[in-house]
Every structure is written in C-alpha cells, then in structure tokens.
Number of protein chains: 2
Amino acid sequence: MKEGPSIAEVASLIGDPARANMLGALMSGRALTAGELANEAGITAQTASGHLAKLREAGLLMVEAQGRHRYFRLSGADIAQVIEGLMGIAARTGNLRTRTGPRDPDMRRSRVCYDHMAGEWAVRLFEGFVETGRLALADAAVSLTPAGKAFFVAEGIDVAALEKSRRPLCRTCLDWSERRPHLGGALGKAVLDHAMAKGWARRSATSRTLTVTPPGHLAFQAWLSADEALRRRAS
Amino acid sequence: MKEGPSIAEVASLIGDPARANMLGALMSGRALTAGELANEAGITAQTASGHLAKLREAGLLMVEAQGRHRYFRLSGADIAQVIEGLMGIAARTGNLRTRTGPRDPDMRRSRVCYDHMAGEWAVRLFEGFVETGRLALADAAVSLTPAGKAFFVAEGIDVAALEKSRRPLCRTCLDWSERRPHLGGALGKAVLDHAMAKGWARRSATSRTLTVTPPGHLAFQAWLSADEALRRRAS
DNA sequence: ACAACGGTTCGGCCGCGGCCGAAGCTTCGA
DNA sequence: TCGAAGCTTCGGCCGCGGCCGAACCGTTGT
C-alpha cells in the first residue's frame with residue numbers, strides 16, 4: 001500500500017497559505033530576500049524565517065547569502081512546473097483567488113512564468129509562430145523549424161548558443177489564465193530576455209506582471225503581421 | 001501581491017498523508033470504492049468519507065455511484081500529471097517513502113501511470129522507439145513518425161482512431177523512478193491496452209504494479225531487437 | 001420484512017503547526 | 001566602536017483540522 005515517494009510532505013509544504021504566497025512570488029523567477037517574502041506573505045519576519053527554512057530543507061528553494069541579505073529562489077524549473085500545474089487545477093475548479101484585485105487584469109494580459117512570457121501576448125505569439133511553421137507542433141510538443149531558427153537569428157537571438165545548453169530549446173507550458181500553451185524552454189527565456197533588452201517589455205518590481213510597452217506592441221504586432229502575410233501566401 | 005489562483009487550497013488537500021495515499025492509489029487510473037480507499041489510507045470509513053467529500057468538492061476526484069458502492073477516480077490527466085510531478089520532486093529531494101517495502105522493486109520495474117506504462121520497461125521501450133525514428137523527439141516533445149505509425153498499425157493498434165480523439169497522441173511523462181521520460185498520451189494508453197489484451201502484462205489487483213509476463217518479455221525484446229537491427233542498418 | 005453492508009453525518013477529543021513577542025547573532029555603515 | 005538593519009532562535013499561545021465512536025440512511029439479498 002505504501003508506494004512511491006511521499007508526496008504528502010512536499011504538497012503540505014506548498015499547501016500552507018503563507019508559503020504558497022511566497023512560492024507564488026518566486027514564480028517570477030527572481031531571487032527575493034527573506035524580508036520581501038515575509039512582506040509578500042503578510043507575516044512577520046520570524047515566522048517567514050521558519051517557513052523558508054522548511055522550504056529550503058525540503059529542496060524547494062535555493063538560498064544565496066549576500067551580505068546581510070539572504071536571497072531565495074525556486075530551486076528548479078520542475079518546481080515551477082508543478083506550481084503552474086496547481087494553478088491550473090485551482091483555476092479549473094473555479095478556485096479563483098478571493099477578491100481579484102484591480103491589478104489582476106494586467107497580470108492576465110502579460111506576466112512572467114518563471115523565466116519566460118505568459119498571458120495573452122505569450123499565447124498569441126506562440127500560436128502565430130506555430131501557424132506559420134516557425135515552430136512545429138507535434139501533439140503537445142514543439143520544436144524549432146529551420147525557418148523559425150532563421151527568423152530568431154535574424155531578430156538577433158543567438159539560437160546556436162541556446163542549442164548548446166542542456167536545457168530543452170522549446171517547451172510548451174500551459175498558461176493558467178488562457179488554458180492554452182505558450183512557449184517555455186531556453187528559447188522562451190531568450191525571447192523574454194530579448195524583449196526586455198529591446199525595451200519591448202518591463203517587469204514589475206513587485207509582482208509577476210509584465211508590461212508590454214508601446215514599442216513592444218508594435219514589434220509583436222509586426223511579428224504577427226509577418227506571420228499573417230506568410231500564412232496568406234501559404235494558402 | 002495576491003496573484004493567480006489559490007494554489008494553497010488544492011496543495012493542502014494533497015498534502016494530508018491520508019488523502020495523499022488515496023490519490024496515490026488512484027494513480028493506477030482505476031476507480032476505487034470509498035472502502036478500498038479508506039483501507040488504502042489506513043483510516044476508518046467515516047474519516048475517509050470526509051476526505052473524499054473534500055477532494056470531490058475541490059474537483060480533484062469524480063465519483064460514480066453504483067448500487068451501494070461509490071467509485072472514485074481522478075477527475076483528469078492534469079491532476080495525475082501534477083501528482084507525478086510532486087513524486088518527482090519528493091524523489092529528487094531524497095524524500096523516499098519511509099521503509100520501502102519488498103514489493104517496491106517490482107513497482108520500480110513496471111507500473112501503471114494513470115493509464116499508460118511506467119518504470120524500467122516503459123523507459124526502455126520509449127528510448128528504443130526514439131532511437132529508430134518511430135518516435136521523433138524534439139526537445140522535450142515527441143511525435144509519431146510515418147514509420148512509427150506503420151509499425152504500430154502492423155502491431156494491430158488502430159492509430160487512425162487515436163488520432164481522431166481530442167487527446168494528444170504522444171506525450172512525454174517524466175518517470176519518477178528512472179528520472180527519464182516515458183510515453184504517455186493516447187498512444188501510451190493504447191500500448192498498455194494492447195499489451196494487456198495480448199497477455200504481455202497483468203495489472204496487480206491492489207496496486208499500481210504491472211507484471212510483465214514471459215511472453216511480454218519476449219514481445220518487448222522483439223520490439224527492441226527490431227530497433228537494434230534498424231539502428232545498425234541506419235548507421 | 002429483516003438483517004447485513006457500504007457509506008455518511010454528528011459530536012467531541014486532541015495534537016500538530018502556524019503565529020507572534022522577545023532576545024540573540026551577524027553584517028554593514030558611520 | 002557603536003547603532004541599526006536583516007535574519008534567526010526560543011518559548012508559549014491558540015485554533016484548525018484530522019481522528020474516531022455512535023447513530024443514521026439507502027441498497028442489496030434472502
């Protein structure tokens with residue numbers, strides 16, 4: 001009857017509201033200090049310290065001491081993936097956050113998912129890439145086509161370097177607000193980095209929200225329009 | 001600061017040991033009665049009833065009344081996926097089940113993951129398929145090649161019918177014991193069904209364990225040997 | 001009709017664990 | 001060298017939630 005690893009411990013770790021809020025804040029992929037996380041969860045520093053010690057001990061978080069600060073981050077993409085999965089389940093079962101604040105629509109529009117884009121824009125771009133053969137969608141999986149590689153290289157993304165990394169180049173990630181996939185993996189991260197370097201998007205200092213700037217709107221629209229033209233020619 | 005759906009509730013639901021045991025038992029993909037689940041979790045019927053009501057209310061379980069029995073099952077593959085993810089995290093952080101029983105090695109060798117095969121055999125088969133181009137692996141994603149389709153059709157699996165279903169045909173699923181992917185999706189389910197119909201594998205009546213019969217060993221070996229021959233020819 | 005069985009509801013016990021106040025430790029800046 | 005800031009440890013309070021015994025309800029089979 002006892003089978004497999006004990007999921008109860010790690011799940012109950014995530015299951016405490018204060019800890020869940022901390023983990024949610026860390027879903028931005030950023031490293032945050034103990035104090036920031038305490039504030040995020042609405043608890044005192046000493047309580048937070050206890051929680052963080054547990055999360056660290058269980059291997060969910062990595063910690064890095066820097067002067068008198070201690071920076072915590074999620075210890076891996078697999079952790080983020082499970083949390084995103086839990087969000088999906090919670091959303092599916094109508095378990096929306098009690099009182100969704102005024103800033104919520106912004107986050108629905110665009111946000112950071114660990115280290116890549118998520119939300120309406122991310123999903124729209126992903127679907128555009130697929131429709132025009134820049135990404136090949138095989139069942140739930142994606143890969144970069146030669147045409148897609150040429151496109152991203154022309155945009156200034158060093159795809160060859162990404163391919164060398166051990167991390168998968170493309171990966172689908174289920175968007176909890178859109179319930180449709182968006183692009184993750186090394187390329188997903190590169191696209192976000194690129195967009196921020198170009199000033200197309202700006203991260204909020206305090207949340208996962210991602211603001212797409214006016215130039216960003218134009219740039220993304222251009223990507224989509226090019227897709228549109230390609231699609232017409234193809235049909 | 002409050003962002004996204006509330007993951008704490010669903011996580012804490014999974015986080016109770018009794019409930020986690022029930023969910024683990026349901027990972028076999030079977031529907032189990034309340035009594036069986038109570039027994040599985042080592043608690044009395046009335047306590048189990050309360051737990052099951054909560055899991056049902058949260059949408060994690062589906063229930064089907066049949067006579068004086070009530071059959072519970074996981075309400076979807078996404079739930080199973082999150083649980084498998086949690087198992088992966090728990091395993092990675094060295095959180096192995098306290099005292100792994102004697103039956104454990106069997107489960108490590110071969111078991112059912114919701115509705116497809118998992119364990120050593122599943123991983124070996126998956127890698128064999130990939131190496132010989134029956135499955136195409138693009139990053140973390142798989143798809144069925146024409147050669148692969150021909151192979152499975154020849155084996156007697158109605159691939160065309162599977163393609164019609166809304167469910168993705170191929171899907172990778174991370175094996176928690178092997179830490180490498182195996183085949184999920186509609187095709188993964190079909191392979192398991194096929195193996196059981198042919199008498200190549202038998203499911204345990206009480207656990208996720210899957211016993212590969214002697215004919216099954218021969219059949220799977222034949223699949224892999226064919227792969228071997230193909231690979232030699234290819235290189 | 002009745003007994004047996006599976007499941008649920010109710011009530012009360014109890015312990016685990018989250019929470020904070022206070023105190024201590026280390027690092028940083030003046 | 002001293003004070004302030006960030007974080008942790010300790011101790012004690014308290015409430016939530018899991019657990020079971022008992023009683024209740026519907027189904028089944030005789």
Side-chain angles (χ1 to χ4, degrees), chain A residues 1-2 6-26 30-58 60-73 95 98 205-206, chain B residues 1-2 6-26 30-58 60-73 95 98 205-206:
Chain A
M1 83 185 44
K2 304 297 176 205
S6 162
I7 66 172
E9 271 149 74
V10 0
S12 78
L13 236 38
I14 305 175
D16 175 80
R19 286 190 294 256
N21 280 333
M22 295 181 180
L23 292 170
L26 290 171
R30 259 196 282 264
L32 300 176
T33 68
E36 288 170 329
L37 289 167
N39 183 45
E40 194 71 29
I43 53 181
T44 61
Q46 61 272 35
T47 306
S49 178
H51 285 314
L52 290 169
K54 285 182 188 173
L55 290 172
R56 217 213 116 280
E57 199 170 356
L60 298 191
L61 298 185
M62 307 271 294
V63 65
E64 196 178 339
Q66 208 166 106
R68 53 183 165 184
H69 293 281
R70 295 188 72 199
Y71 284 92
F72 292 86
R73 67 171 72 248
N95 220 335
T98 51
T206 59
Chain B
M1 84 184 43
K2 305 296 178 205
S6 162
I7 66 172
E9 272 149 74
V10 357
S12 78
L13 236 39
I14 305 176
D16 176 80
R19 286 191 293 256
N21 280 334
M22 294 181 180
L23 292 170
L26 291 171
R30 259 196 281 264
L32 300 176
T33 68
E36 289 169 329
L37 289 167
N39 183 46
E40 195 71 29
I43 53 181
T44 60
Q46 61 270 36
T47 305
S49 178
H51 286 313
L52 291 169
K54 285 182 188 174
L55 291 171
R56 219 214 114 277
E57 198 170 358
L60 298 190
L61 298 185
M62 307 272 293
V63 65
E64 196 176 339
Q66 209 167 107
R68 53 184 167 185
H69 295 280
R70 295 187 71 201
Y71 284 93
F72 291 86
R73 65 173 73 247
N95 218 336
T98 51
T206 60

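Chain letters run A, B, ... following the sequence lines, proteins first and then strands; every chain starts at 1. The model shown is predicted, which means the values in this text are computed figures rather than measured ones. As a basis for the values below, the full set of heavy atoms in this structure was taken, side chains included, without hydrogen atoms, waters or symmetry mates.
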How close do [X] and [Y] get, heavy atom to heavy atom, and via which atoms?
X      : Y      : result
A45(A) : A38(A) : CA-CB, 4.1 Å
A8(B)  : P17(A) : CB-CA, 3.8 Å
E40(B) : N21(B) : CG-O, 4.2 Å
R73(A) : A31(A) : NH2-CB, 3.6 Å

Would you check if [X] and [Y] make a side-chain contact, meaning some heavy-atom pair closer than 4.5 Å?
X      : Y      : value
F72(B) : L32(B) : no
R56(A) : M62(A) : no
H51(B) : D16(B) : yes

Which is true for A34(A) with a 4.0 Å heavy-atom rule: it touches a base, it touches only sugar-phosphate, or it touches nothing?
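A34(A): backbone/sugar contact only, no base atoms under 4.0 Å.
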| request: Go through DNA chain D in 5' to 3' direction and return only the first and the last nucleotide with some atom under 4.0 Å of chain B's heavy atoms. | output: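 Contact span on the strand: dG18(D) to dT28(D).
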(request) Output the residues of residues 46-55 of chain A in contact with DNA chain C, where contact means a heavy atom of the residue under 4.0 Å from an atom of the strand; sort by number or write none. (result)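 Nucleic-acid contacts, sorted: Q46(A), T47(A), H51(A), K54(A).
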Any donor and acceptor pair, going by atom type alone, linking the side chain of T33(B) with main-chain N or O of E36(B) inside 3.5 Å?
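The answer is yes, because a donor-acceptor pair under 3.5 Å joins these two groups.
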